[in-house]
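Only this structure's heavy atoms are used, side chains among them; waters, hydrogens and symmetry mates stay out.
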Amino acid sequence: EMFMKRPSSKLYPEYYIVINKPIDFREISKKIKHKEYTSLGDLMSDIELLVNNACHFNQEDSQIHTDALKLREIAHKVYDQIKSTWGTPPHDFSSAPMNILEKTGE
């Protein structure tokens, strides 16, 4: 459930003091579904924001920090694979293959 939902404001009120723009994968998924991203770069920016938030709030030796960095690595692999396959990343996500993560070996 990590990264899928923002931290609980009751359990982690300090998160919302430290992090200016909280985001989670539920929000990213909604933005994809509602076609709010105008480019794959915009999507990558939100993934980068999610990773940066996790790394900023959590200690470097924490599992969340480590997982966030791994998430960044995977996201960049997928992005690079899309660019190398299609050239300019597609603006219409409906044409993007949903099984692309399988091709990264992750």
(message) Please tell me whether Leu49 and Val51 are part of a single hydrophobic cluster in this structure, the criterion being side-chain heavy atoms less than 4.5 Å apart.
(response) yes
(message) If the condition is salt bridge (Lys or Arg N to Asp or Glu O under 4.0 Å), which residues does Glu27 pass it with, not counting sequence neighbours?
(response) Arg6
(request) Quick one: pull up CG in Asn53 and CZ in Phe3 and give me the separation to the nearest 0.5 Å. (result) 10.5 Å
(message) Which residues pass the side-chain contact (heavy atoms from CB on, under 4.5 Å) test with Ser8, not counting sequence neighbours?
(response) Lys10, Leu11
(message) With rounding to the nearest 0.5 angstrom, report the NE2 to NE2 distance, His65 to His56.
(response) 10.5 Å
(request) Please confirm whether the backbone N or O of Gln81 pairs with a side-chain atom of Thr85, one donor and one acceptor, at under 3.5 Å? (result) yes
(request) May I ask you to test the Met4-Asp24 pair for a side-chain heavy-atom distance under 4.5 Å? (result) no
(message) Among residues at least two apart in sequence or on other chains, which ones pass salt bridge (Lys or Arg N to Asp or Glu O under 4.0 Å) with Arg72?
(response) Glu48
(message) Just to verify, what does Gln63 make a side chain to side chain donor-acceptor pair (under 3.5 Å) with, not counting sequence neighbours?
(response) Asp67
(request) Please round to the nearest 0.5 Å and tell me the distance separating atom OG of Ser45 and atom CG of Leu50. (result) 12.5 Å
(message) Please tell me whether Leu71 and Ile82 are part of a single hydrophobic cluster in this structure, the criterion being side-chain heavy atoms less than 4.5 Å apart.
(response) yes
(message) According to a hydrophobic-cluster definition based on side-chain heavy atoms being under 4.5 Å apart (Ile, Leu, Val, Met, Phe, Trp, Tyr only), do Leu69 and Ile64 belong together?
(response) no
(message) Ignoring hydrogens, what is the shortest heavy-atom contact between Ser9 and Tyr16? Give both atom names and the distance.
(response) CA-CE1, 3.7 Å
(request) Flag yes if Ile47 and Ile19 sit in one hydrophobic cluster, no otherwise; membership is Ile, Leu, Val, Met, Phe, Trp, Tyr, and two members link when side-chain heavy atoms are under 4.5 Å apart. (result) no
(message) Measuring only between side-chain heavy atoms, which start at C-beta, is Phe57 closer than 4.5 Å to Glu14?
(response) yes
(request) Would you please name every residue forming a side-chain contact (heavy atoms from CB on, under 4.5 Å) with Lys30, sequence neighbours left out? (result) His34
(request) Any chance you could measure Thr66, atom OG1, to Asp61, atom CG, to the nearest 0.5 Å? (result) 7.5 Å
(message) Tell me whether Met2 shares a hydrophobic cluster with Ile23, the cluster being built from Ile, Leu, Val, Met, Phe, Trp, Tyr side chains joined at under 4.5 Å.
(response) yes
(request) Hey, could you give me each pair passing salt bridge (Lys or Arg N to Asp or Glu O under 4.0 Å) that has a residue in residues 36-46? Not counting sequence neighbours. (result) Lys31-Asp46
(message) Please find the pair of heavy atoms, one from Gly41 and one from Tyr79, that lie closest to each other, and give the distance.
(response) N-CE1, 4.5 Å
